[in-house]
Amino acid sequence: MEVPAASSASTSLLTEKLQGYAELHNYGLAHLKSSALNCAVELGIPTAINSCGGEATAVDIMKKTGLVPAKLSHLRRLMRVLAVSGIFHESTPSSLAVGEQGETIYRLTPASRLLARDGKSSDMSALLLLFTRPDTTVSTFFNLVGWFRDAGTKTPFEMAHGMSPWILTKMDASYNDAMNHACVADSDFIMDIALKEASGLFQGLSSLMDVGGGHGMVAAAISRAFPQVKCTVLDLEQVISKAPDCGTVQFVVGDMFSSIPPADACLLKAVLNSWDDDSCVKILRRYAIPSRDAGCKVIILNVVLGHGTLDKATKEAQVLLDIYMMRGSGFEREEHEWKKVIMDAGFSDYSIIPILGPVSIIEALP
Ligand SMILES: C[S@@+](CC[C@H](N)C(=O)[O-])C[C@H]1O[C@@H](n2cnc3c(N)ncnc32)[C@H](O)[C@@H]1O
């Protein structure tokens, strides 16, 4: 019996419908991409591939990561989903005869190269582990609907944990470590580029105050590149007490809402996006703005929505970071929102240097 040919209109409608069906599966199961990546980083798979000379089979990875052979077929499934998601590159040996099944070979992609520990280049594993941390991420973001429906003033993080992230770092040593290590990893990566591409920002300074500077990775990088700049980190007690002594950076325990010690420049990386506008203005006003003629300034490193390389991955990274900041009272800002905060804090001018992918450098001048 001949099957009647479908009209081209109904074929394209069906194609669209099935595309939507597949996309819904992708969105609904996207958290499995995060958990598969979390698992790969925890197992040390990018490092294992790297230590095999940049390419490895599942058997190589199993041996390097110490997995038991009974898990090999599951490891292949994990590698397959991460390869389809673009975290690893997969190929089969080209020299195979027809019908012969070869072992898939995995290689690092630009993303997973940032997760391989080789002691030389930046390692972003700790940032990935913070983003995918079950204790704080799942509990906070899988009940957003509860928070939207709640008429109270608690943030999603407070609803899930009974306190803000900056109190939890005090109460929970493992969260404190996860946060500090993530910030070190991100700062190591970012500062390597910022100091090459925008070194002029730091020229002529004699002192710099890194406010909410964590374990001092940013300050240490600046003081290595500009030894004449006296760099100080201001942060909370639970952070400073765990900071390693790099010899060139001074650490000060303090609350940026109370006072910020004076310096030629005040730097805030990944700090202001945790706070609402009034809090940001309050923090910026704690920095006693010295004279513009003396080259004084505030340097902010944060997302400026709509600035930077605006490919799909970068745009998505910016808006996902914004939802991530929704866990507290912060958010990622558009240029006009930054302008308002900067002007309300008493600065007269600013410029945006969008050279760090999703992140920009904002220079605010008195
Ligand atoms: C996301 S981390 C960024 C750390 C660092 N700037 C970096 O990018 O590597 C935010 C930092 O702000 C600090 N912080 C939060 N509240 C603070 C306060 N009231 N006074 C000083 N630092 C604070 C946190 O302890 C944390 O180290």
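All ligand and atom numbering here is 1-based and tracks the order in the structure.
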Closest approach of any protein heavy atom to [atom], naming residue and atom:
atom                    : answer
atom 9 (O) of ligand 1  : Ser187 OG, 2.6 Å
atom 23 (C) of ligand 1 : Leu236 CG, 3.7 Å
atom 8 (O) of ligand 1  : Lys269 NZ, 2.8 Å
atom 20 (N) of ligand 1 : Met256 N, 2.9 Å
atom 12 (O) of ligand 1 : Gly212 CA, 3.7 Å
atom 1 (C) of ligand 1  : Ala270 O, 3.2 Å

Any N/O pair Val239/ligand 1 closer than 3.5 Å: no
Contact (N/O only, under 3.5 Å) between Asp255 and ligand 1: yes
Counterpart residues, side-chain contact (heavy atoms from CB on, under 4.5 Å), relative to Thr109 (two or more places apart): His89, Ala111, Ser112
Enumerate the atoms of ligand 1 whose separation from the nearest heavy atom of [X] is less than 4.0 angstrom.
X      : answer
Gly214 : 27 (O)
Gly254 : 20 (N), 21 (C)
Cys183 : 1 (C), 2 (S), 3 (C), 4 (C), 7 (C), 9 (O)

Are [X] and [Y] close enough for a salt bridge, meaning some N to O gap below 4.0 Å?
X      : Y      : result
Asp278 : Lys282 : no
Asp277 : Lys340 : no
Glu335 : Lys339 : no
Asp322 : Arg333 : no
Glu103 : Arg76  : yes

Min heavy-atom dist Asp235 to ligand 1 below 4.0 Å: yes
Ala182 heavy atom under 4.0 Å from ligand 1: no
Aromatic ring pairing His25/Tyr21, orientation class (parallel under 30°, perpendicular over 60°, tilted between): perpendicular
Six-ring centre of Phe131, Arg133 cation under 6.0 angstrom, axis tolerance 45°: no
Distance under 6.0 Å and angle within 45° of ring axis: Arg285 vs Tyr287: no
